[in-house]
Amino acid sequence: MPRRFPRFRWPLHFLHPPPPFFECTRRPPLSLLADRCASMRQLKQVHAQMIVSARIADNYAASRLLSFAALSPSGDLSHALRLFRANPLPNSFMWNTLIRALAASPSPATAVALFSEMLQVGTPSGKHTFPFLLKACACLPSPSIARQVHAHVLKRGFHVDPYVVNGLVRCYGVHGHLDDARRLFDGLPEKNLIVWTTMISSYAQNFCSNEVLLLFDRMIGAGVEPCNATLASVLSACARSGGLDLGQQIHSFIREKGIEVGVILGTALVDMYAKNGAITAALELFGQMPEKSTATWNAVICGLAHHGLANAALDLFHQLEREQVQPNDVTFVGVLSACCHAGFLKLGRRIFYSMERTYKIEPKVEHYGCMVDLLGRCGNLLEAERLIKGMKWGADVVILGALLTACKNHGNIDIAERVVNEMLRLDPGNHGVYVVLSNMYAEVGRWKDVTRLRKVMRVGGLKKIPGWSCVEGDAS
């Protein structure tokens, strides 16, 4: 009988050799390392490890790389696009992430193009796709694409999702289609704070102050407590509509609830008080704010100028310069208005020309209008005329009307005739300018010219120029 040997059992450690050192130390998964990256250099190192270990084919791991590159402040959108294009079958998360990043980029139209590509390859869009896509649509000049996206929302059945509807309301509101925005808002069965705030903000941005106040009242009646963004929008409506009482009530509400007054809300309060003439309250709030934006300074400067406190407005502007706060075009509208009200020609001229020389801000029509008004009030009509001719774009009838008014106040018929000809060139059917010129002829006894102009008015009909008027007054 053959001899039987006992069965040999291999040691477990021999059958299963120890893992490599980097696994023994229990390093985190590469996808988790991608989430922990702080720079693109680190991300590219993780990316290289994923390629070496064949983990790059795992869509979850690849999506973490894409998310950092696309959305992180330290990311690189072009690198995210390369990652996306290198993936043969990107999942919905990757599409949505890239649409989100492109919507916030300087080229939001590329987000819409990517959504179109997403539809072509058959990847289903979801409720997370549309809020980002609609953010891109809100940045585009035409609302037509938003309407097309709206059709896809209806097709996919997301027309009752509050976040998708919020994106649609915002998009229509930005483009001024408030009726469409309101229909969507009213049709939403359950409205959250975000949707209420977006609808109120849309009215505020389109200067529909009454609608803002009515909807805010309805919101409070529905038991929805406003947030800072809601209150800022309502305060802007109070500033435009003269609603000082409601603005003060909102300020009391902010204090009672202990709501933190940051830069945006603080600026809205300052602006509301300043525009309603409560200058003391505006200055007090302004002084209490630990942090101020350029808009905060503008609110006080423009408020002071509007209410005839030119010296105070200019003092505040000089303080802004000393504190090295960067002014913008709105700042200079307020400052030049203050100079105009006070008749500070030399200072106004210096500030106007410092816009481009010192601050690299190109003057707009509003700034030219202030300067023409200032020069006209001070009798510098030829300089005002030269300034208008030197504009990079043509003057409108409002600016020319301001010069015509100054010509009447100072009795300068020669320049008035040239201004009238220019205004008629812009609007040949508008004969109302003849009234001003005819009255100027009558004042100096040029009756033949008066008769000639009256004949022109009888033949052509008389139509008042919208947007300007000539008022008798003291030019000083």
Side-chain angles (χ1 to χ4, degrees), residues 95-96 98-116 118-119 125-222 224 226-241 264 268:
W95 286 96
N96 291 343
L98 210 51
I99 288 172
R100 175 184 176 184
L102 291 169
S105 75
S107 304
T110 53
V112 179
L114 191 66
F115 173 71
S116 178
M118 181 182 183
L119 295 178
S125 54
K127 65 179 182 179
H128 299 295
T129 310
F130 291 107
F132 302 134
L133 180 62
L134 288 165
K135 181 180 179 182
C137 293
C139 299
L140 300 178
S142 172
S144 60
I145 295 177
R147 294 192 184 281
Q148 295 176 44
V149 174
H150 190 178
H152 284 285
V153 168
L154 294 170
K155 183 179 178 181
R156 297 283 295 157
F158 294 124
H159 57 284
V160 292
D161 183 282
Y163 296 99
V164 175
V165 172
N166 180 69
L168 283 166
V169 169
R170 178 174 177 268
C171 201
Y172 283 128
V174 165
H175 289 105
H177 293 253
L178 296 175
D179 290 340
D180 294 322
R182 186 58 186 264
R183 273 193 296 271
L184 283 163
F185 174 82
D186 289 337
L188 191 63
E190 294 185 10
K191 304 173 183 65
N192 58 21
L193 173 60
I194 297 173
V195 178
W196 281 99
T197 300
T198 301
M199 190 67 244
I200 288 172
S201 299
S202 296
Y203 278 134
Q205 288 162 7
N206 287 276
F207 308 106
C208 300
S209 300
N210 290 336
E211 287 80 0
V212 169
L213 302 179
L214 288 171
L215 193 60
F216 178 68
D217 186 60
R218 181 178 158 191
M219 174 184 170
I220 298 299
V224 180
C227 64
N228 285 26
T230 321
L231 295 172
S233 294
V234 177
L235 286 167
S236 72
C238 294
R240 294 191 187 102
S241 63
I264 294 175

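Computed from a predicted structure; not experimentally measured.
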What are the two closest heavy atoms between [X] and [Y], and how far apart are they?
X      : Y      : result
Leu188 : Pro162 : CD2-CA, 4.1 Å
Met118 : Ser125 : CE-CA, 3.8 Å
Lys135 : Ala104 : NZ-CB, 4.0 Å
Ser209 : Arg240 : OG-CB, 3.6 Å
Val224 : Ile220 : O-CD1, 4.0 Å
Ala204 : Val212 : N-CG2, 3.4 Å

With the side chain counted from C-beta on, respond yes when [X] and [Y] share a heavy-atom pair under 4.5 Å apart, and no when they do not.
X      : Y      : value
Tyr163 : Ile194 : yes
His159 : Leu184 : no
Val234 : Leu231 : no
Cys139 : Val174 : no
Val165 : Val169 : yes
Glu211 : Leu178 : no
Pro108 : Leu140 : yes

So does [Y] get a backbone contact from the side chain of [X], meaning a donor-acceptor N/O pair under 3.5 Å?
X      : Y      : result
Ser105 : Leu102 : yes
Arg170 : Ala138 : no
Asp217 : Leu213 : no

Non-neighbouring partners of Tyr172 that pass ring pair (Phe, Tyr, Trp, His ring centres under 6.0 Å), sequence neighbours left out:
His150

Distance (rounded to the nearest 0.5 Å) between [X] [atom1] and [Y] [atom2]:
X      : Y      : atom1 : atom2 : result
Ser116 : Ile145 : OG    : CD1   : 10.0 Å
Leu133 : Ile99  : CG    : CD1   : 6.0 Å
Lys127 : Asn96  : NZ    : CG    : 12.0 Å
Asp161 : His128 : CG    : NE2   : 8.5 Å
Thr129 : Phe158 : OG1   : CZ    : 7.5 Å
Asn228 : Ser233 : CG    : OG    : 11.0 Å

side-chain contact (heavy atoms from CB on, under 4.5 Å), that's the test. Do Leu193 and Met219 meet it? Break it down for me.
CA-CA 9 Å; Leu193 173 60; Met219 174 184 170; 3.3 Å; yes

Is it the case that the side chains of His177 and Arg147 hold a donor-acceptor pair, with the cut-off being a distance below 3.5 Å and no angle test?
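Indeed, the side chains of Arg147 and His177 share at least one donor-acceptor pair under 3.5 Å.
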
With Arg182, which residues qualify under side-chain contact (heavy atoms from CB on, under 4.5 Å), at least two apart?
Phe185, Asp186, Met199, Tyr203, Leu215, Arg218

Which label fits Phe115 and His152: parallel for a plane angle under 30°, tilted from 30 to 60°, or perpendicular past 60°?
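If you compare the ring of Phe115 with that of His152, the planes turn out perpendicular.
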
With a cut-off of 6.0 Å (strictly less than), are more than 12 heavy atoms of other residues, nucleotides or ligands near CD1 of Ile264?
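Not buried by this count: 12 neighbours or fewer within 6.0 Å.
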
